[in-house]
Amino acid sequence: MSQELATTYDPKDVEKKWYKTWEEGKYFAPKKGKQNEGYCIIMPPPNVTGILHAGHALDITTQDALIRFKRMKGYETLFLPGMDHAGISTQAKVEKKLWEERKLTKHDISREEFLEETWKWKEEYGGNIANQQKVMGASCDWDYSMFTLDPEANEAVRKAFVDLYNEGLIYQSDYIVNWDPELQSAISDAEVIHEEVTGAFYHIHYKVADSDILLEVATTRPETLLGDTAVAVNPNDERFNHLIGKKAIVPICNREVPIVGDEHVDIEKGTGCLKVTPGHDFNDFEIGKRHNLEIINILNKDGTLNEHGLEFEGLTCKKARNKVVAKLKELELFVKEEKHKHQVGHGERSGVVIEPMVSKQWFVNTDDMAKASVDAVETDKMRFYPKGWENTYFSYQRNPRNWCISRQLLWGHRIPVFTCKSCDHQWADEGVEPSGCPKCSTKDYSQDPDVLDTWFSSGLWPMTTLGWPNKERMEQRGFTTFYPTSVLVTGFDIIFFWVARMMMMGEKFAGKVPFHKTYIHAIVRDKQGRKMSKSLGNGIDPIEMVDTYGADAFRFTLAAGSGYNRGINLDTERIGGYRNFINKIWNAYRFIQPHLSLAEDDLPTDLDNQEKWILSELNSTAKIMNESIEDFRFDDSCSALYSFIYDSFCSWFIELSKNTLSSDDQGAKTRRATVLKYCFRDIVALLHPFAPFITEELWSDLKNENEDLLISYDYPEYSEAMNYSEEQENMNKFIEIVSNTRFLRQSVNIKPKEEVSLQLFSDEDKLITFLNENIDGIKGLAKAKDVLINKKSEARPEKSIMKATTHTEIFLPLDGVIDLEEQIKRLEKDLTKSQKEYEKYDKKLSNEKFIANAKPEVVAEVKEKANELKEQIDSINDRIKNFKS
RNA sequence: GGGCGAUUAGCUCAGCUGGGAGAGCGCUACCCUUACAAGGUAGAUGUCGGCGGUUCGAUCCCGUCAUCGCCCACCA
């Protein structure tokens with residue numbers, strides 16, 4: 001560090017310099033520490049081709065703060081980074097590029113060619129997000145970094161798949177799935193977003209065969225009648241139950257279908273008659289299973305009607321709907337149309353309307369795994385912070401549904417199921433290219449064309465990244481030390497997607513939960529509380545924030561907003577505020593630096609009471625820091641640090657130290673310099689997890705030659721020996737006296753530089769001693785040339801203005817003319833305030849029930865409060881009387 | 001339809017097992033005081049969403065209503 005420090009802190013070079021030093025010096029690598037225990041956080045792998053957004057920035061900040069904290073505490077820490085292949089979104093980007101550049105779709109080129117293009121894309125953009133994480137200061141060990149499509153990850157996926165397959169937990173089935181016509185793939189329930197859409201109820205007449213009876217059916221999707229294979233009524237519905245067993249005629253296609261009785265039909269709802277389309281409705285599919293109904297798929301993969309659509313073939317559902325309605329009107333089978341708001345599923349990625357469709361897909365039976373994952377949370381093997389989120393988790397895991405894991409995509413883990421072409425045997429195989437059919441040894445086999453849901457590999461991530469299932473790799477990457485990992489940090493939106501799946505997979509394959517704690521952090525929103533989104537254009541680019549305010553300020557802002565809350569409304573002005581705070585620290589150091597050469601290594605034994613006070617405040621702060629970080633209450637950590645550094649240290653201790661340091665008392669100067677240095681060393685250490693860069697920079701100047709970088713230094717702990725509560729109490733009174741004196745000065749417009757005389761009256765002996773010992777401090781901070789400290793029995797000065805605290809009367813004698821009216825007015829205002837408060841306490845004390853029921857310490861406290869206030873009131877009253885006479 | 005959460009100073013939010021409300025930002029006034037104008041000193045502001053209940057005492061517990069979020073759900 002240069003000798004001359006600039007008046008403002010410039011983070012740019014400092015941040016680059018230290019990140020490089022840490023990374024090159026292998027400071028992020030796990031090292032055995034004094035705790036002899038591992039602490040590991042697996043970073044939620046961001047999309048490989050993504051860019052860092054504000055949510056990631058919060059992820060990094062909280063995880064890195066925890067890691068840095070634990071590293072300093074002496075744990076063997078590993079912050080393990082990685083990247084996700086993000087099947088759908090990456091493939092979509094590559095498809096877009098192919099179309100824009102070469103007017104090609106994925107169907108125009110081979111699977112191999114497409115994958116080659118995707119890998120190229122990955123190589124080109126894959127590094128971006130990691131570099132951005134580095135800018136944020138993430139202290140990950142990049143040597144551990146993994147990509148979900150790395151060969152090692154593939155091995156884990158195949159191992160898990162084959163095991164589940166052989167246990168019969170993975171099966172293939174014709175099932176109704178959410179079909180995304182845009183992606184032309186099945187997607188999982190969780191990837192479907194239900195949005196309210198204004199549609200209509202269309203009432204249609206179905207003829208009952210061999211009769212004149214018309215059944216009125218209501219539907220929101222009339223076009224699906226082309227796939228109807230039944231009409232259902234409730235067997236208890238007296239209006240219709242006599243028709244059960246008869247046939248109905250589906251309009252347009254004139255198909256004769258059975259009328260079935262099914263409890264699912266709600267007598268009250270709609271018309272009480274339900275058209276049943278097992279091929280395109282989840283409920284109808286279930287009804288179909290119960291009554292053995294035929295399933296007719298009327299849709300192509302792109303969502304248009306197929307040959308079952310008859311004259312509407314080739315139309316989209318939306319277009320077909322209008323035409324079908326028109327046709328029904330023509331056939332005089334249309335009754336009416338009512339406007340209707342209902343929830344319609346949309347693809348999370350594609351945004352298009354999801355069509356329920358029956359197709360052959362792979363599923364995982366998660367019944368038992370889900371049960372185990374619920375049990376783990378109920379028995380506290382894994383705990384949510386804040387605890388309330390376990391309800392969300394339970395609501396998913398207590399009602400597990402079949403997990404559809406096959407996707408009709410190209411970019412992802414290929415499903416390792418093979419079918420023999422000669423004997424038709426189907427098997428799952430861990431080998432990329434199996435040597436042959438296990439049954440007939442033929443080498444002629446085909447592999448299932450689908451890939452796995454991204455969350456299948458994500459669910460294995462904590463194990464995969466630590467080397468599972470390869471013994472050697474597990475040894476090398478420290479599986480036994482780091483698994484189960486310490487904490488998972490993530491947003492609530494992926495509790496089901498990710499947390500639940502990791503829990504299931506972890507317990508299934510490692511026999512242990514994948515992490516002991518899950519900290520669910522807030523969602524970052526804009527300052528008006530809106531979600532950040534591209535369409536609103538209200539996104540905050542973390543890199544831009546780092547450029548403008550510095551990584552430390554940005555991190556501190558995010559941490560200060562993070563506790564057990566659900567949202568952080570991020571206002572760039574707040575970042576500016578914390579940038580100023582960082583700068584304040586820089587300048588506090590500029591003040592201290594010239595005196596450092598005086599400082600000694602060990603704290604002096606003859607501390608004065610100002611020094612005892614600041615050390616005690618520091619000690620309390622260390623206590624709060626240790627506890628709050630452990631509890632993920634980063635908001636508490638940041639506010640405790642902020643007020644200690646800003647108020648206690650800068651505003652009071654440094655200001656008080658100016659006297660001492662400019663005095664001729666060499667012993668006092670040395671002692672003070674030593675305490676200042678001691679405090680500052682602890683300040684940068686305490687702050688390091690949140691603001692790693694500036695603290696490391698300042699530490700390089702503060703540390704002794706034989707000491708290591710701050711990133712590896714000890715985190716300050718609370719120490720009973722450093723607790724000076726009496727000094728803290730007296731100092732608080734001292735501060736109150738000085739502040740009130742300043743107030744008095746301003747109330748009569750005394751210029752800041754003008755020195756005054758001051759008289760204090762108190763009956764607290766301990767306080768009087770304390771004030772006398774710190775009389776130079778009062779002189780310096782209240783700009784007083786002389787200060788008299790008296791007992792209250794002494795006479796008050798004539799011609800003066802006065803302010804009363806609960807413990808001390810402050811008198812400012814004045815030479816000039818005093819506006820008595822104004823002073824009386826001010827005192828009366830004080831009086832009213834104190835009296836009001838006093839009455840509250842007095843009322844309590846005169847309440848017998850209070851005395852009888854309240855805790856004794858509360859009663860004592862109230863008594864003391866009342867006495868103090870009484871004293872203050874008397875002081876003010878005396879003065880008013882004096883002024884008036 | 002079910003569930004969860006929120007409602008506290010102009011704004012964003014703390015407030016642990018009930019003892020009478022805090023922070024940051026913003027705002028006002030005065031100050032370039034030799035660490036810092038990205039600064040200093042001082043100051044103002046709250047029927048703690050409404051109504052009931054429990055209690056000696058409620059921002060905190062219970063009930064209820066209102067408003068706003070979010071999540072889940074197959075509602076034809």
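Chain letters run A, B, ... following the sequence lines, proteins first, then strands; residues in each count from 1. FYI, side chains are in, hydrogens and waters are out, and symmetry mates aren't considered; it's all heavy atoms of this structure.
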Inset, instruction - For A/Ser657 and A/Arg672, run side chain to side chain donor-acceptor pair (under 3.5 Å): C-alpha distance rounded to whole Å, both residues' side-chain angles, the deciding distance at 0.1 Å, then the answer. - result: CA-CA 7 Å; A/Ser657 297; A/Arg672 185 52 58 102; 3.0 Å; yes

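Residues A/Glu286 and A/His264 form no side-chain contact, since every pair of their non-hydrogen atoms from C-beta on lies 4.5 Å or further apart. A heavy-atom distance below 4.5 Å is not found between the side chains of A/Leu656 and A/Ile614.
Stem regions annotated for RNA chain B: B:1-7 with B:66-72, B:10-13 with B:22-25, B:27-31 with B:39-43, B:49-53 with B:61-65, counting only runs of 3 or more consecutive pairs of Watson-Crick or G-U type with both contacts under 3.5 Å.
A gap of 24 Å separates the C1' atoms of B/rG3 and B/rA76, to the nearest Å. Between B/rC25 and B/rG39, the two P atoms lie 9 Å apart (nearest whole Å). Separation of the C1' atoms belonging to B/rU33 and B/rA23 is 28 Å when rounded to the nearest angstrom. Rounded to the nearest Å, the gap between the P atom of B/rG26 and that of B/rG40 is 12 Å. Taking atom P on both nucleotides, B/rC61 is separated from B/rC27 by 35 Å, rounded to a whole Å. Atom C1' of B/rG46 sits at a distance of 12 Å from the matching atom of B/rG10, rounded to the whole Å. As rounded to the nearest Å, B/rA66 and B/rG49 have C1' atoms that lie 8 Å from one another. With both ends at atom C1', the span from B/rC4 to B/rC11 equals 26 Å, rounded to whole Å.
A/Cys273 comes within contact range of no nucleotide atom at all, as no heavy-atom separation falls under 4.0 Å. Counting any heavy atom pair closer than 4.0 Å across all strands shown, A/Glu655 reaches a base atom.
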Strictly under 3.5 Å: I want the nitrogen or oxygen pairs between protein and nucleotides 37-40 of chain B, one per line.
residue, atom, partner, partner atom, Å
B/rA38, O4', A/Asn580, OD1, 3.1
B/rA38, O2', A/Asn583, ND2, 3.3
B/rA38, N3, A/Arg579, NE, 2.9
B/rG39, OP1, A/Asn580, ND2, 3.1
B/rG39, O3', A/Lys584, NZ, 3.2
B/rG40, OP1, A/Lys584, NZ, 2.6
B/rG40, OP1, A/Tyr646, OH, 3.4

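Sorted by first and then second residue, the side chain to side chain donor-acceptor pair (under 3.5 Å) pairs involving residues 851-869 of chain A (not counting sequence neighbours) form an empty list.
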